[in-house]
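Everything numeric in this text was worked out from a predicted model, so none of it was measured.
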Amino acid sequence: PLSLHDALPICGASIGNNPGDFSPTVNIKKIDREGNESDFDISMNRGKVTVVNFWNINCGPCIQELPYFNQLNNKYSDDLLNVVVVHAGGDYSVDDFLPVMNKASMRKYTFDWAYDDANCSYYRALGGRDTYPTTTIIDQKGYVVFNKIGSITFDEIDSIVSSLLS
């Protein structure tokens, strides 16, 4: 069980998207390949490192990064790491998103899929500025340790995750 210190930012800690900030809690919808939705919030993952990647179906570099997040997801136990790839940008419904998730080229991915609301509330809370891809890494206590707008490599994210898990 988590202590109160683990569940809340320490006195004076800011909530935001910069390294050292406590991660904002914004509820978004995870989705499985059958279209079933479930709630997702960073606070549900205390005790795990959480990697959040914001992407868009019209973003070439975003699509190119997806294998890195899958590789990362497959490398570490679900008890230690949660990788969630969040579609942001545009007013997409589950019906719009399912065909993309179920393309043959996308079915190999084992990470969690999610989508943001039409206002991109979660993306903006974690520092999104209308540029994709954006990747945020949150430690086991809920603090942002990394936030990058733009493309990322597997080695870059794996280095950060492995240091948090060691």
Side-chain angles (χ1 to χ4, degrees), residues 2 7 15-17 22-140 142 144 146-154 157-158 160-161 165:
L2 298 174
I15 296 176
N17 61 351
F22 197 73
S23 172
T25 57
V26 177
N27 192 303
I28 58 173
K29 296 293 183 189
K30 286 194 327 187
I31 182 172
D32 67 19
R33 294 188 189 281
E34 287 74 45
N36 301 309
E37 296 180 1
S38 60
D39 290 331
F40 173 80
D41 191 304
I42 291 297
S43 64
M44 296 173 163
N45 285 295
R46 298 290 188 260
K48 296 181 183 183
V49 171
T50 302
V51 176
V52 181
N53 175 258
F54 293 96
W55 74 297
N56 185 281
I57 59 175
N58 298 313
C59 168
C62 299
I63 304 293
Q64 291 175 339
E65 284 185 342
L66 292 178
Y68 306 148
F69 295 101
N70 198 57
Q71 187 178 353
L72 188 73
N73 189 60
N74 291 332
K75 181 175 179 177
Y76 297 100
S77 160
D78 289 344
D79 295 338
L80 301 174
L81 176 74
N82 186 41
V83 176
V84 61
V85 175
V86 181
H87 185 270
D91 189 10
Y92 290 91
S93 71
V94 172
D95 293 333
D96 297 322
F97 193 55
L98 276 177
V100 174
M101 284 177 53
N102 284 310
K103 282 184 179 179
S105 62
M106 301 289 234
R107 290 201 62 82
K108 61 188 167 202
Y109 300 130
T110 59
F111 46 68
D112 288 330
W113 295 89
Y115 64 96
D116 208 345
D117 63 29
N119 297 319
C120 297
S121 299
Y122 192 54
Y123 176 64
R124 296 204 188 294
L126 282 175
R129 293 181 184 84
D130 299 322
T131 303
Y132 307 104
T134 298
T135 301
T136 302
I137 301 176
I138 300 159
D139 73 9
Q140 296 92 326
V144 174
F146 178 86
N147 197 350
K148 181 178 181 181
I149 297 172
S151 295
I152 194 168
T153 66
F154 172 77
I157 51 176
D158 186 45
I160 296 164
V161 169
L165 294 175

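Interatomic distance, Asn147 CG to Thr136 OG1, rounded to the nearest 0.5 Å: 3.5 Å. The distance from atom CD of Gln71 to atom CZ of Phe69, rounded to the nearest 0.5 Å, is 11.5 Å. From Ser151, atom OG reaches atom OH of Tyr68 across 8.0 Å, with rounding to the nearest 0.5 Å. If you take OG1 on Thr50 and CZ on Phe40, they are separated by 5.5 Å, rounding to the nearest 0.5 Å.
A 4.5 Å side-chain heavy-atom check between Val51 and Asn82 finds every atom pair outside the cut-off. Contact of the Thr110 side chain with the Asn70 side chain is registered, since non-hydrogen atoms from C-beta on lie closer than 4.5 Å. The side-chain heavy atoms of Ile31 and Asn36, taken from C-beta on, include no pair separated by under 4.5 Å.
Judged by distance alone, the side chain of Asn56 and the main-chain N or O of Ala88 form a donor-acceptor pair under 3.5 Å. The main-chain N or O of Pro133 is never found under 3.5 Å from a side-chain atom of Glu65 such that the two would form a donor-acceptor pair. No donor-acceptor pair closer than 3.5 Å links the side chain of Asp41 to the backbone N or O of Met44. Judged by distance alone, with hydrogens and angles left aside, the side-chain atoms of His87 form no donor-acceptor pair with the main-chain N or O of Phe54 at under 3.5 Å.
Salt bridge absent: Asp79 and Lys48 never bring a charged side-chain N and a carboxylate O closer than 4.0 Å.
Other residues, nucleotides and ligands place more than 12 heavy atoms under 6.0 Å from the CG atom of Asp32.
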